[in-house]
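We count ligands from 1, going down the list as the structure has it; atoms in each ligand are counted the same way.
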Amino acid sequence: MSQFDKNSTTDDVLAGKDLSGKTVFVTGGNSGLGQETSRAMAAKGAHVVLAGRDQAKLDAAVAAIREDVPDANLDTIICDLGSLDSVRACGKEANERFDKIDLLINNAGVMACPLGHTKDGFEMQFGTNHLGHFVLTKYLIPLVEKGEDKRIVNLSSRGHHFEGVDYDDVNFENREYAPFVSYGQSKTANVQFTVGLEQRFADKGIHAYAVHPGGIQTNLGRHLTEEDMEFLRDRMRKSAEAAGEPPESAWKTIPQGAATQCWAATADELEGKGGVYCEDCHVAEQDDESRTGGVRSYAIDPENANKLWALSEQMTGESYG
Ligand SMILES: NC(=O)c1ccc[n+]([C@@H]2O[C@H](COP(=O)([O-])OP(=O)(O)OC[C@H]3O[C@@H](n4cnc5c(N)ncnc54)[C@H](OP(=O)(O)O)[C@@H]3O)[C@@H](O)[C@H]2O)c1
């Protein structure tokens with residue numbers, strides 16, 4: 001049983017850890033949970049590579065982190081997950097610039113945006129949140145193999161409860177687009193990708209963990225209407241009620257929100273135990289659909305993970321070999 005809970009912060013879960021000599025690669029390192037993860041790990045001595053699609057935003061994040069951690073060992077790299085050319089270029093550049101990656105944190109994401117498409121024509125949320133990370137991870141796996149810790153953390157969400165993956169129509173070509181159905185599909189894909197990585201790489205000592213960070217006010221809500229916000233607030237109120245907690249406890253601060261990904265990346269008790277979905281700094285139970293937390297069975301089903309893997313290879317033309 002983890003000694004941490006939903007109130008634990010990044011600094012709490014990393015207390016006593018020495019990350020000097022480790023290289024941590026964080027997608028979406030320029031904002032919200034990714035920036036806080038980068039700050040907290042840099043404060044423990046890690047060399048942190050912040051990946052993002054906008055150099056000015058990356059530079060601003062580096063400056064903000066250095067205000068808190070003046071001697072932070074930080075690098076930046078451009079990676080637009082909405083363009084496979086950019087993802088491949090990032091992967092190749094990373095292999096030239098860095099010797100290894102100990103911890104890969106696939107954190108970047110978009111939520112509930114209007115219908116849109118990536119440069120390769122994939123529906124925006126599935127393309128960015130899943131396919132971009134699927135290809136990036138393929139290119140970075142050789143560096144992870146050279147790392148000591150060999151952990152991959154994929155940011156999912158309780159939003160995976162909204163929907164499984166429609167393997168016949170991930171791009172919403174034959175069904176009406178709904179922003180949260182699409183978000184749910186992409187966040188389920190993040191869990192199934194985690195299971196797929198564990199199936200394929202555990203024997204090489206690489207382990208993967210999916211994480212729901214909690215409900216945190218970040219830039220993720222940039223596309224939400226007032227109606228969407230009320231829908232989310234209502235879900236969070238109900239979750240708090242079900243847990244016998246006051247409604248205001250439903251929201252986490254950014255350091256509390258980023259704690260579970262820092263925990264999944266570093267907790268000793270998770271060593272060798274990947275393929276799981278974590279929330280509130282513990283491994284979640286498989287949900288019986290009556291509870292507000294937990295992981296849905298369709299998200300951790302190994303057959304579904306295989307279907308997603310095959311589809312992702314076919315859509316991107318990238319095979320892990
Ligand atoms: N906040 C929550 O309540 C919550 C709940 C559940 C799950 N999550 C998950 O937590 C993760 C982090 O979210 P956050 O709350 O920290 O949101 P955030 O502040 O909006 O950060 C998201 C990051 O993803 C990056 N990103 C988006 N599209 C990208 C692209 N095409 N290429 C490269 N980077 C891209 C953003 O870059 P730009 O700044 O350039 O847009 C930003 O750095 C997401 O995967 C999200 O689904 C968050």
key: Nitrogen or oxygen of Pro213 less than 3.5 angstrom from that of ligand 1   = no
request  = Say whether Arg53, considering both its backbone and side-chain N or O atoms, lies within less than 3.5 Å of an N or O atom on ligand 1.
outcome  = yes
query = Taking the inter-plane angle between the rings of Trp309 and Phe193 on a 0 to 90° scale, is it parallel (under 30°), tilted (30 to 60°) or perpendicular (over 60°)?
reply =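 Ring orientation of Trp309 relative to Phe193: tilted.
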Proximity to ligand 1 by part of [X], non-hydrogen separation under 4.0 Å:
| X | result |
| --- | --- |
| Ala51 | neither |
| Gln217 | neither |
| Lys57 | side chain |
| Met111 | neither |
| Asp80 | both |
| Tyr183 | side chain |
| Asn190 | neither |

query = Are Asn154 and Thr194 close enough that a side-chain donor and a side-chain acceptor fall under 3.5 Å?
reply =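 Note: Asn154 and Thr194 side chains meet the donor-acceptor criterion.
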query = Under 3.5 Å, is there a donor-acceptor pair between the Asn129 and Ser186 side chains?
reply = yes
ask   = Quick one: does Gly214 get a heavy atom under 4.0 Å from ligand 1?
value = yes
ask   = So does Glu163 pair up with Lys187, basic N to acidic O under 4.0 Å?
value = no
